[in-house]
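Keep in mind that what you see is a predicted model, and the values were worked out from it rather than measured.
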Amino acid sequence: MTTLLEARAQAAEGMQRATAHANEDIPGWSSVAYLFLESFCRSHEYFISEDVSDASKQWGMVQPPTDRAWGSVYRMALKRSLIVQDGAGRSRRRHASICPMWRSLIFKGAA
């Protein structure tokens with residue numbers, strides 16, 4: 001049986017692998033993704049991760065092999081005080097499962 005600590009370590013490792021794969025396929029992808037998230041945070045106070053990845057697709061950003069690559073981008077954003085988790089939302093892609101609701105700490109209002 002996996003402990004919570006082991007599960008978190010496995011999740012972090014999986015996110016790092018997904019991001020490394022994205023950066024191998026698309027050099028510099030994670031840097032561009034972070035800048036996109038930072039820009040998104042300036043005009044969106046509350047959002048779920050799907051809102052950001054959907055907006056990046058709409059904008060025309062080259063996409064990683066899997067949306068899981070965004071995980072380490074969010075970890076960096078948390079570490080740099082760009083966002084905080086503020087409640088829960090519902091996923092549109094994963095059968096309305098519960099997912100983190102993020103709050104921007106740099107929100108400036110609608111563009």
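- Partners of Ser97 by side-chain hydrogen bond (donor to acceptor under 3.5 Å, both in side chains), not counting sequence neighbours: none found.
- Evaluation of the salt bridge (Lys or Arg N to Asp or Glu O under 4.0 Å) rule for Arg8 yields no partner, not counting sequence neighbours.
- Between Glu50 and Ser91, the closest side-chain pair of non-hydrogen atoms falls below 4.5 Å.
- With sequence neighbours excluded, the residues that form a side chain to side chain contact (heavy atoms under 4.5 Å, CB included) with Ser81 are Leu105.
- Counting only residues at least two apart or on different chains, no ring pair (Phe, Tyr, Trp, His ring centres under 6.0 Å) pair has a member in residues 1-27.
- Under a 4.5 Å side-chain heavy-atom cut-off, the cluster of Ile, Leu, Val, Met, Phe, Trp and Tyr residues that includes Tyr74 is completed by Ile26, Trp29, Val32, Tyr34, Phe36, Leu37, Phe40, Phe47, Val52, Trp59, Met61, Val62, Trp70, Val73, Met76, Leu78, Leu82, Ile83, Trp102, Ile106.
- For Ser56, the side-chain hydrogen bond (donor to acceptor under 3.5 Å, both in side chains) partners at least two apart in sequence or on another chain are Gln63.
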Only pairs under 3.5 Å count here: list side-chain donor-acceptor contacts from residues 10-20, not counting sequence neighbours, and write none if there are none.
{"from": "Glu13", "atom 1": "OE2", "to": "Arg17", "atom 2": "NH1", "distance (Å)": "3.0"}
{"from": "Thr19", "atom 1": "OG1", "to": "Met15", "atom 2": "O", "distance (Å)": "3.0"}
{"from": "Thr19", "atom 1": "OG1", "to": "Ala69", "atom 2": "O", "distance (Å)": "2.9"}
{"from": "Thr19", "atom 1": "OG1", "to": "Ser72", "atom 2": "OG", "distance (Å)": "2.4"}

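- At least one donor-acceptor pair closer than 3.5 Å links the side chain of Asn23 to the backbone N or O of Ser30.
- Hydrophobic side-chain contacts under 4.5 Å tie Ile48 into a cluster, directly or through other members, with Tyr46, Met101.
- Residue pairs that meet the salt bridge (charged side-chain N to carboxylate O under 4.0 Å, His left out) test with at least one member in residues 95-107, sequence neighbours left out, are Asp86-Arg103.
- Residues passing the side-chain hydrogen bond (donor to acceptor under 3.5 Å, both in side chains) test with Ser31, sequence neighbours excluded: none.
- For residues 60-75, the pairs satisfying salt bridge (charged side-chain N to carboxylate O under 4.0 Å, His left out) are Lys57-Asp67, Asp67-Arg93, with sequence neighbours left out.
- Using a distance-only test at 3.5 Å, with no hydrogens or angles considered, a donor-acceptor pair links the side chain of Ser104 to the main chain of Cys41.
- In this structure, Gln58 has no side-chain hydrogen bond (donor to acceptor under 3.5 Å, both in side chains) partners at least two apart in sequence or on a different chain.
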